[in-house]
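Only one structure is covered here, and it is reproduced in the block below.
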Amino acid sequence: RYVASELATDIAVTVGDVKFYLHKFPLLSKSACLQKLVASGNEQNCDEVQISDIPGGSVVFEICAKFCYGMTVNLNAYSVFATRCAAEYLGMYETIEKGNLIYKIDIFLNSSIVHSWKDSIIVLQTTKSLSPLSDELKVAGLCVDAIATNACIDVSKVDWSYTYNRKKLPEENGNDPNFNGVKSRPVPKDWWVEDLCELEIDLYKRVIMSIKTKGIQSHEVIGEALKAYSYRRLPGFSKGVIHSRDVGKYRSTVDTIVWLLPAEKGSVSCSFLFKLLKAAIIVDSGEMAQEQLVRQIGQQLEEASLNDLLIRAAEREDVIYDVDMVKKIVNKFLMQDRNAEYESEENEVQEIQRSGILTDASKLIVAKLIDAYLAEIAKDPNLPLSKFVDLAETVSCISRPTHNGIYRAIDMYLKEHPWISKSKRKRICKLMDCKKLSADACMHAVQNERLPLRVVIQVLFFEQPRGAAATSSGTSTPDLPKSLKNPNGGSHGSSRSAPTNPEEDWDSVSATEELKALKTEL
């Protein structure tokens with residue numbers, strides 16, 4: 001590269017694979033580094049200087065050289081940080097000459113870049129490739145604070161462009177009744193969330209921490225930001241799989257998002273927390289991250305769905321689902337319902353009675369959810385009875401008006417595990433309270449050959465008063481199964497097999513309208 005000048009060049013500066021033919025005077029008047037290099041070259045009678053490690057390479061050196069010649073230099077958000085690093089490398093300080101390049105760039109950063117929402121994000125991104133210098137020169141910190149300040153500004157003062165594609169506002173759909181042809185779109189509280197998704201995880205962490213420190217944004221908005229980042233930066237996250245070759249980077253992202261989660265209940269949805277937990281398990285995150293997720297899920301378990309609970313077991317396990325993890329979550333949920341707390345005051349332990357913070361409604365929702373989960377995992381032929389029973393007993397403390405759900409789960413387990421012993425059948429049936437079965441469930445149970453005979457008799461015993469009431473009201477009651485009318489007519493470990501003719505499948509018991517209703521309910 002040559003400079004357009006009538007004077008002959010008197011120095012060659014080689015940067016990488018590019019050689020610049022320049023003049024000593026303009027360069028040495030502004031660069032302390034080139035002063036030393038040229039002085040060293042003069043001692044060796046050499047007019048050529050080698051620079052191999054200047055930040056930004058030959059492109060940025062050319063910008064610095066043009067400044068030395070007094071040419072107009074155009075900087076933007078993409079080039080300003082690399083130029084600032086190169087100017088630092090070349091020693092272009094105020095002590096060398098007033099109004100030098102470092103001074104001019106710092107003014108540009110503080111007067112222009114930090115006041116521009118998108119430019120400050122771009123500059124922060126460019127600091128990634130020169131991370132040691134970014135902290136030394138305080139440029140990264142300057143951008144982080146600028147971004148956090150803008151993110152916390154009152155939405156009425158947001159007059160710059162931003163990215164917002166997650167929700168369609170009514171006026172964007174043309175459905176706004178107040179739309180008069182002039183677009184006056186309101187600025188949402190989480191307007192800044194999507195633009196920050198462009199940052200790498202370590203820079204994103206610094207920005208979110210700075211936003212949280214300011215204490216202006218609500219924990220719900222912080223949670224929305226973390227959710228948006230997860231969906232953008234974790235391939236396959238929404239489907240519970242990993243689409244990334246760099247498992248280490250994926251794990252680091254998951255761990256950081258978990259660490260940044262607000263502690264307040266409801267900051268993010270329970271479904272999102274479960275997705276994070278499944279991702280943490282897949283990439284083998286540390287116990288601390290998994291424990292934090294289990295604790296936060298337990299605080300809002302009543303919001304979960306059956307699909308959320310279906311956490312796949314590790315490949316080395318014989319079972320399909322991780323039942324132990326679900327049991328941990330349920331225990332965390334129930335731990336909220338303490339009836340007393342102790343606090344120490346003046347070396348005396350006082351017991352302060354207070355009502356549990358869990359409502360009966362939330363506990364009932366969780367109990368029904370676990371019943372449905374038990375019915376699903378019961379289909380696993382390798383599921384040990386102990387895991388099934390232990391989880392069911394975890395929610396046995398929750399009073400339920402009906403035990404139809406647990407009955408369905410028990411029946412499903414017996415259907416998928418026909419080889420289990422008589423004692424194990426009795427053990428699993430103890431989970432069910434026959435008095436709390438609906439009439440339709442009772443009708444199904446007395447015809448169910450998978451149940452021990454003792455259980456069927458109990459069902460009939462508790463159904464008798466209800467049947468008597470039905471008879472007095474003029475309605476019919478179901479007949480006893482033929483196996484009980486003819487106790488000597490069958491085998492199958494009890495006296496009720498062949499004479500009855502109910503189908504083996506739960507879904508096939510809908511022979512009458514009552515049983516159809518039962519099928520719908522269960």
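Because only heavy atoms are used, hydrogens play no part in the values below, and waters and symmetry mates are left out as well, while side chains stay in.
V60 is not listed as a side-chain neighbour of I54, based on a closest heavy-atom distance of 4.5 Å or more.
With sequence neighbours excluded, no residue satisfies side-chain hydrogen bond (donor to acceptor under 3.5 Å, both in side chains) with N150. With sequence neighbours left out, H115 forms a side-chain hydrogen bond (donor to acceptor under 3.5 Å, both in side chains) with no residue at all. Checked against side-chain hydrogen bond (donor to acceptor under 3.5 Å, both in side chains), D360 has no partners two or more places apart in sequence or in another chain.
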**Step-by-step side-chain contact (heavy atoms from CB on, under 4.5 Å) determination, Y93 to E88** = CA-CA 8 Å; Y93 306 113; E88 186 76 21; 3.2 Å; yes

**Message:** T163 vs N165, test: side-chain contact (heavy atoms from CB on, under 4.5 Å). Steps then yes/no.
**Reply:** CA-CA 6 Å; T163 306; N165 297 319; 3.6 Å; yes

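For W192 and W160, the distance between ring centers is not under 6.0 angstrom. Ring to ring, Y164 and W191 are not that close: their centroids are 6.0 angstrom or more apart.
For residues 254-276, the set of pairs meeting the ring-ring contact (aromatic ring centres under 6.0 Å, His included) definition, not counting sequence neighbours, comprises F237-F272. Sequence neighbours left out, the pairs with a member in residues 93-109 that pass salt bridge (charged side-chain N to carboxylate O under 4.0 Å, His left out) are K30-E97, R84-D106. For residues 310-334, there are no ring-ring contact (aromatic ring centres under 6.0 Å, His included) pairs, not counting sequence neighbours.
Of all non-hydrogen atoms in V114 and A146, the two that sit nearest each other are O-CB, 3.6 Å. Among all heavy-atom pairs drawn from I370 and V326, the shortest one is CD1-CG1, 4.2 Å.
A salt bridge is defined here as a Lys NZ or Arg NE, NH1 or NH2 lying under 4.0 Å from an Asp or Glu carboxylate O, and E198 with R232 meets this definition.
Heavy-atom contacts from other residues, nucleotides or ligands closer than 6.0 Å to NZ of K212 number more than 12.
With 3.5 Å as the limit, one finds a donor-acceptor pair spanning the side chains of K275 and S271.
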